[in-house]
Enquirer: 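If you scroll down you'll find the structure; I have some questions about it.
What you are looking at is a predicted structure, and each value in this text was computed from that prediction instead of being measured.
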Amino acid sequence: MDFILEAAVRAVKTLFAIDISAESLSLQQTRKEFEGDVTLVVFPLTKFSKKSPEQTGTAIGEFLVNRLEAVESFNVIKGFLNLSLKNSYWLEVFYQKINQPGFGSFPSNGKKVMVEYSSPNTNKPLHLGHVRNNLLGYSVAEILKANGYEVIKANLVNDRGIHICKSMLAWQKFGNGETPESSGLKGDHLVGKYYVIFDKEYKKQIEELKNQGETEDDAKKNAPLIVEAQKMLQKWEQGDAQVITLWKEMNGWVYAGFEETYKKLGVDFDQYYYESNTYLLGKSIIDEGLEKGVFFKKPDSSVWIDLTADGLDEKLVLRADGTSVYMTQDLGTAQLKYDDYQTDKAINVVGNEQDYHFKVLYLILKKLGRSWAEGLYHLSYGMVDLPSGKMKSREGTVVDADDLIAEMEATAKEQTDILGKAADFPEVEKQDLYHTIGMGALKYFLLKVEPKKRLLFDPNESVDFQGNTGPFIQYTYARIRSVLTKGGFKDDTVFMPIKTVSPVEKDLIVQLEHYPAVLTEAAQAYSPAVIANYVYELAKLYNKFYHEESILKAEEEAVKQFRLKLSAVSAEIIQKAMHLLGIKVPERM
RNA sequence: GCACCCAUAGCUCAGCUGGAUAGAGCAACGGUUUUCUAAACCGUCGGUCUCAGGUUCGAAUCCUGAUGGGUGUACCA
């Protein structure tokens, strides 16, 4: 559409003797209630033309019709100049631009980006909140790849700390040697079970101490279980063989469990970082910051940074006893990740409750003179709420990831059976289809919403399969595949001129043409939702086209070939876009 | 207290780099299948874009203030 803008600039120059930039003009798609394909808003030009909006629009319209081969006609309504483009133009866009091998993916831009996501705790299984994180991270990584980046997917595993000791201790005390093998429980669920047991027993002890007259705060500090857990953490840090062995064994169970869940979710990683390796990092950065005068020491020898000039608070970066805090560690891991890969950008996919932390982290790195800090970005997303409110692990009000996936598959099977769709499919294909549809519904549901918005998930009203949903789009794809097969479509068909392009065909071409711009926008905004909304619109348009125009029984062979081609390209873009969301599309359903 | 985020149809969400009469899906109601997959398509119903000011030819969109909701502000991670 740039050629229209350029011509409009020439028109303004010729007609009104004013130089304007193409950016100052606004060209948009014509609203469907008006005649035309594209619309130029002429209000801003009236100050140059010194004429009414209608006169200005008409003058430019005449100029464009005379000079541009592609423009068929125009009309002016109020301050809007609507241009209709010729059929030949749309066909050319379709054959010369959209139907080209490289369409819809960008060549390498030579830049590297790390996307860190998932970052689980190894003391409990994954829940719905983690699912949102994983899907977002994976999708953003794919979107960046499609935009030409080299992407490294990283997972920073939180495998150390007092919370891990809690489940270890509870297992020691109450576990009777239970293992995933002996209990048949998935490793992460087994460990999570003892985390919950710890909390229950701990609360009991607090109550007892309170009954003995201690204050709540004292009771929390003095309960034997927590004291013992802290002792265990110290032993762990000292490298106590027994503790380390137990830690390794239980972590092994958890990792096996996570692997299974990741596999079902369809996410993966190129690089793992473990906090047990990185928790001591960052102290040298503290020294550096003190030297540079970025940090300062308080009398108790704790180290701080004063960010009040930046509208933030004072922030602790090292404890008085010289041990690391969260910020110390994160400074260290940020440096480590950069040293490993020299990335141009690094994304942290982390919930919005850590907005402040990342703001501070990035600011500190900038103050320390890390030029690469400019490329850091916190992809912050809202929590997933249940109708009952927030999810809380300890209160058991969480939606477990594995349960959820199983439920989605069961629902997919149910729906498929009701519709009688897969009755004659081989068993393997059936199972595959249930998984594809179930996960398609779940992923689309979670990704179609802007990341930063909170999300309401009602487990009772299980995710829909109709309308603006994953399965709707998957169905559209399967439908196209079916018609292509029946039509004996081969990808080597050559261009055959046709007389007219119907309105819905034109709409479809326009939508397809938008794809690269949408891809760029999604990368800039780090938002899979942009892709989700796009592909939904595309599927909707295709269904309309499918309903309005006969493909296999088209009036002429040339028209049939054109429609088949249009269908094939639509399927390809649907497949590509869904791939960016981590959603598979079935050949039939 | 201070900081950040959110507020659009009964519900779930688009639209937000200012443009025409604010769009989808779900729910409710009605229609479409001798024809390429009806998980589809078409229609009806549904709106004080939280409120009040301001900027502008033009505001859901930008600015200010208020209200409601969420989160953070830990020598937890």
Side-chain angles (χ1 to χ4, degrees), chain A residues 23 26 28 30-31 33-34 39 41-44 46-47 53 77-80 82 119 121 158 160-164 275 279 298 300 302-304 311-313 315-330 351-357 359-360 380 382-383 385 389-390 412 415-416 418-419 421 437 441 445 448-450 452-458 461 463-476 478-487 529-530 532-533 536-537 539-540 542-554 560 563-564 567 588-589:
Chain A
E23 290 79 46
S26 132
Q28 51 194 269
T30 304
R31 295 181 65 115
E33 55 271 37
F34 301 100
T39 296
V41 183
V42 298
F43 288 109
T46 52
K47 57 174 177 268
I77 297 169
K78 291 197 240 173
F80 299 92
N82 303 319
S119 307
N121 282 335
N158 187 344
R160 167 211 102 83
I162 189 78
H163 50 288
I164 312 290
E275 230 170 79
Y279 80 106
K298 287 199 174 176
D300 67 355
S302 57
V303 182
W304 297 73
L312 303 173
D313 301 320
K315 184 82 188 171
L316 177 88
V317 294
L318 193 72
R319 289 194 190 100
D321 63 7
T323 56
S324 303
V325 289
Y326 183 34
M327 188 58 73
T328 328
Q329 263 182 56
D330 260 14
N352 64 6
E353 69 273 10
Q354 293 198 38
D355 284 357
Y356 185 74
H357 172 77
K359 210 180 203 180
V360 171
S380 164
M383 344 212 96
D385 289 330
K390 248 187 103 168
Q415 289 294 315
T416 308
I418 289 171
L419 295 169
K421 289 279 189 176
I437 296 174
F445 180 82
K448 76 172 177 188
V449 180
E450 272 306 312
K452 72 175 169 184
K453 294 219 176 168
R454 300 169 60 198
L455 199 64
L456 185 75
F457 186 85
D458 189 342
E461 284 177 33
V463 187
D464 266 317
F465 284 62
Q466 267 126 38
N468 188 356
T469 67
F472 166 80
I473 299 163
Q474 292 173 318
Y475 170 76
T476 307
R479 201 181 208 189
I480 299 175
R481 297 303 307 169
S482 166
V483 85
L484 290 178
T485 307
K486 289 205 171 137
V530 171
N533 288 319
Y536 170 62
E537 286 300 326
K540 220 167 43 153
Y542 184 84
N543 279 317
K544 194 181 160 108
F545 158 73
Y546 181 93
H547 189 260
E548 282 181 15
E549 312 289 354
S550 185
I551 299 166
L552 301 181
K553 289 179 183 154
K560 176 179 165 187
R563 289 182 183 159
L564 278 171
S567 299
R588 51 178 188 162
M589 69 184 270

Enquirer: Using atom C1' of each nucleotide, how far apart are B:C16 and B:U61 to the nearest Å?
Expert: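 Approximately 4 Å lies between the C1' atom of B:C16 and that of B:U61.
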Enquirer: When the C1' atoms of B:G65 and B:A20 are considered, how many whole Å apart are they?
Expert: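 Pairwise C1' distance, B:G65 against B:A20, rounds to 31 Å.
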Enquirer: Is A:Asp300 side chain donor-acceptor paired with the B:C75 base, going by distance under 3.5 Å alone?
Expert: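 Looking at the base of B:C75, it does pair with a donor or acceptor on the side chain of A:Asp300 (distance under 3.5 Å).
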Enquirer: Assess the residue pair A:Phe465 and A:Thr416 against the criterion (side chain to side chain contact (heavy atoms under 4.5 Å, CB included)); give the C-alpha distance rounded to whole Å, side-chain angles, the decisive distance to 0.1 Å, and a yes or no.
Expert: CA-CA 10 Å; A:Phe465 284 62; A:Thr416 308; over 6 Å; no
Enquirer: To the nearest Å, how far apart are A:Lys452 NZ and B:A14 P?
Expert: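 The distance from NZ of A:Lys452 to P of B:A14 comes to 11 Å, rounded to the nearest Å.
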Enquirer: When you get a sec, tell me which of B:A7, B:C75, B:U35 is the closest nucleotide to the side chain of A:Arg319?
Expert: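 Shortest atom-to-atom distance from the side chain points to B:C75.
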Enquirer: Does A:Tyr546 or A:Gly311 map to a spot on RNA chain B nearer the 5' end, using the closest nucleotide for each?
Expert: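 The 5'-side residue here is A:Gly311.
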Enquirer: For A:Ser567 and A:Tyr546, test the side chains for any donor-to-acceptor distance below 3.5 angstrom and give the result as yes or no.
Expert: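 No, A:Tyr546 and A:Ser567 have no side-chain donor paired with an acceptor closer than 3.5 Å.
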Enquirer: Identify, between A:Glu450 and A:Pro471, the residue whose nearest nucleotide on RNA chain B lies closer to the 5' end.
Expert: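 Its nucleotide being nearer the 5' end, the pick is A:Glu450.
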Enquirer: Could you measure the distance from the CG atom of A:Asn533 to the CD atom of A:Glu450? Nearest 0.5 Å is fine.
Expert: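 Answer for the CG-CD pair, A:Asn533 versus A:Glu450, is 8.0 Å.
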Enquirer: To the nearest 0.5 Å, what is the distance between CD (A:Gln329) and OG1 (A:Thr323)?
Expert: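 Rounded to the nearest 0.5 Å, the CD-OG1 separation comes out at 10.5 Å.
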Enquirer: Counting the atoms with a prime plus P, OP1 and OP2 as sugar-phosphate, which does A:Ala478 contact under 4.0 Å by heavy atoms, base, sugar-phosphate, or nothing?
Expert: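 Contact class for A:Ala478: base.
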Enquirer: Rounded to the nearest angstrom, tell me the gap between atom CG in A:Asn543 and atom P in B:C36.
Expert: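 Rounded to the whole Å, the gap is 15 Å.
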Enquirer: Classify the ring geometry between A:Tyr326 and A:His357 as parallel (under 30°), tilted (30 to 60°) or perpendicular (over 60°).
Expert: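 Judged by the thresholds at 30° and 60°, the geometry between A:Tyr326 and A:His357 is parallel.
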Enquirer: What integer distance in Å separates A:Phe445:CZ from B:A14:C1'?
Expert: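 Taking atom C1' of B:A14 as the reference, CZ of A:Phe445 is at 15 Å.
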Enquirer: Working note: A:Tyr475 + A:Phe472, criterion ring-ring contact (aromatic ring centres under 6.0 Å, His included); need CA distance, chi angles, decisive distance, verdict.
Expert: CA-CA 5 Å; A:Tyr475 170 76; A:Phe472 166 80; 7.6 Å; no
Enquirer: What string of B, S and - do you get for nucleotides 18-25 of chain B, 5' to 3', when a contact is any protein heavy atom under 4.0 Å?
Expert: -BBS-SSS
Enquirer: CD/A:Gln354 to CG/A:Asp330 distance, rounded to the nearest 0.5 angstrom?
Expert: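 It comes to 8.0 Å.
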Enquirer: Quick one: does A:Ser482's side chain have a donor or acceptor within less than 3.5 Å of a partner on A:Ala478's backbone?
Expert: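 No; judged by distance alone, with no hydrogens or angles, the pair does not exist.
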Enquirer: Just to be sure I understand the rule, does A:Glu275 reach a base, reach only the sugar-phosphate, or reach nothing, if contact means heavy atoms closer than 4.0 Å?
Expert: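 A:Glu275: backbone/sugar contact only, no base atoms under 4.0 Å.
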Enquirer: In whole Å, what is the span from the CG atom of A:Leu456 to the P atom of B:A7?
Expert: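 Between P of B:A7 and CG of A:Leu456: 15 Å.
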Enquirer: Quick one about A:Asn352 and A:Arg454 (side-chain donor to acceptor, distance below 3.5 Å, no hydrogens or angles considered), yes or no?
Expert: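 No, because no side-chain N or O of A:Arg454 sits under 3.5 Å from a partner of the opposite role on A:Asn352.
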Enquirer: Should A:Lys544 be listed as having a side-chain N or O under 4.0 Å from OP1 or OP2 of B:A40?
Expert: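 Indeed not, no polar side-chain atom of A:Lys544 lies that close.
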Enquirer: What does the list of N/O pairs under 3.5 Å between the protein and nucleotides 30-34 of chain B look like, with a distance for each?
Expert:
none

Enquirer: Set out, in order, the CA-CA distance, both residues' side-chain angles and the distance that settles side-chain hydrogen bond (donor to acceptor under 3.5 Å, both in side chains) for A:Ser380 and A:Asp355, then state yes or no.
Expert: CA-CA 7 Å; A:Ser380 164; A:Asp355 284 357; 2.8 Å; yes
Enquirer: Whole angstroms only, please: what is the CD1-C1' distance between A:Ile164 and B:C76?
Expert: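 Distance, rounded to whole Å: 13 Å.
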Enquirer: At 4.0 Å (heavy atoms only), tell me whether A:Arg160 reaches a base, stays on the sugar-phosphate, or touches nothing.
Expert: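 It contacts nothing in the nucleic acid.
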Enquirer: Looking at A:Ile437 and A:Met589, what are the two nearest heavy atoms and their distance?
Expert: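 For A:Ile437 and A:Met589, the tightest heavy-atom pair comes out as CD1-CE, 3.8 Å.
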Enquirer: Do A:Phe457 and A:Val463 have side chains that get closer than 4.5 Å, going by heavy atoms?
Expert: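 Yes, close enough: below the 4.5 Å cut-off.
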Enquirer: Please tell me which of the listed nucleotides, B:A39, B:C4, B:A14, lies nearest to the side chain of A:Lys359?
Expert: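 Of the options given, the side chain of A:Lys359 lies nearest B:C4.
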Enquirer: Considering only the P atoms, how many Å lie between B:U21 and B:A14, rounded to the nearest integer?
Expert: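 It works out to 25 Å between them.
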Enquirer: To the nearest Å, how far apart are A:Arg481 CZ and B:U37 C1'?
Expert: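 Taking atom C1' of B:U37 as the reference, CZ of A:Arg481 is at 14 Å.
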Enquirer: Counting just side-chain N and O atoms, does A:Arg563 come under 4.0 Å of either OP1 or OP2 of B:C36?
Expert: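 For B:C36, OP1/OP2 do not have a side-chain N/O of A:Arg563 under 4.0 Å.
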Enquirer: Could you work out the separation of B:C29 and B:U34 based on their P atoms and round it to a whole Å?
Expert: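 Rounded to whole Å, the distance is 25 Å.
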Enquirer: Once you apply a heavy-atom cut-off of 4.0 Å, does A:Glu549 come out as touching a base, just sugar-phosphate, or nothing?
Expert: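 Base, at least one base heavy atom under 4.0 Å.
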Enquirer: Once you apply a heavy-atom cut-off of 4.0 Å, does A:Ile437 come out as touching a base, just sugar-phosphate, or nothing?
Expert: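 The residue A:Ile437 makes base contact.
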Enquirer: Any idea which of B:C75, B:C36, B:U35 is nearest the A:Ile551 side chain?
Expert: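 The answer is B:C36, which lies nearest to the side chain.
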Enquirer: If I pick the C1' atom on B:A39 and the same atom on B:C57, what distance separates them, to the nearest angstrom?
Expert: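 The same atom, C1', in both gives a distance of 48 Å.
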Enquirer: Measuring only the C1' atom in each nucleotide, how far is B:G53 from B:G70? A whole number of Å is fine.
Expert: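 Going atom to atom, C1' in each nucleotide, I get 26 Å.
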Enquirer: What nucleotide among B:U12, B:A40, B:U37 has an atom nearest to a side-chain atom of A:Ser482?
Expert: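 For the A:Ser482 side chain, the nearest candidate turns out to be B:U37.
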Enquirer: Using a cut-off of 4.0 Å on non-hydrogen atoms, how would the nucleic acid contact of A:Phe472 be classed: base, sugar-phosphate, or nothing?
Expert: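 The answer is sugar-phosphate, as A:Phe472 gets under 4.0 Å only of primed atoms, P, OP1 or OP2.
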Enquirer: Could you report the tightest heavy-atom contact between A:Leu316 and A:Ser302, atom names first, then the distance?
Expert: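 It is CD1-CB, 3.8 Å.
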Enquirer: Name all residues meeting the side-chain contact (heavy atoms from CB on, under 4.5 Å) criterion together with A:Thr39; count only those two or more places apart in sequence or in a different chain, and write none if there are none.
Expert: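 Counting only residues at least two positions away or on another chain, A:Thr39 forms a side-chain contact (heavy atoms from CB on, under 4.5 Å) with A:Gln28, A:Thr30, A:Phe80, A:Asn82.
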Enquirer: Please report, rounded to the nearest Å, how far the P atom of B:C36 is from the OH atom of A:Tyr542.
Expert: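 The distance from OH of A:Tyr542 to P of B:C36 comes to 13 Å, rounded to the nearest Å.
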Enquirer: How does RNA chain B look in dot-bracket form if you count Watson-Crick and G-U pairs under 3.5 Å, write [ ] for pairs that cross, and put | where a base pairs with another strand?
Expert: (((((((..((((.....[...)))).(((((.......))))).....(((((..]....))))))))))))....
Enquirer: Holding to side-chain contact (heavy atoms from CB on, under 4.5 Å), I want the full list of residues that pass it with A:Lys448, two or more places apart in sequence or in another chain.
Expert: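 So A:Lys448 forms a side-chain contact (heavy atoms from CB on, under 4.5 Å) with A:Tyr444, A:Asn468, A:Ala532.
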Enquirer: Please produce a list of atom pairs where a protein N or O lies less than 3.5 Å from an N or O of nucleotides 70-73 of chain B.
Expert:
residue	atom	partner	partner atom	Å
B:U73	O2'	A:Asp313	OD2	2.9

Enquirer: Which value, in whole Å, describes the distance between the P atoms of nucleotides B:C4 and B:U64?
Expert: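 It works out to 11 Å between them.
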Enquirer: Roughly how many Å is it from CZ in A:Arg588 to P in B:A38, rounded to a whole number?
Expert: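 In whole Å, B:A38 P and A:Arg588 CZ are 16 Å from each other.
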Enquirer: Nearest heavy-atom pair of A:Gly467 and A:Tyr536: which atoms, and what distance?
Expert: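 Distance-wise, the nearest heavy atoms are O-CE1, 3.9 Å.
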Enquirer: I need the minimum non-hydrogen distance between A:Leu318 and A:Thr328, along with the two atoms involved.
Expert: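 Residues A:Leu318 and A:Thr328, closest heavy atoms: CD1-CG2, 4.0 Å.
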Enquirer: Hey, does A:Gln329 reach any base, or is it just sugar-phosphate, or nothing, if we go heavy atoms under 4.0 Å?
Expert: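 Sugar-phosphate contact only - A:Gln329 comes under 4.0 Å of backbone atoms but never of a base.
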Enquirer: Which value, in whole Å, describes the distance between the C1' atoms of nucleotides B:U48 and B:A22?
Expert: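 To the nearest whole Å, 13 Å.
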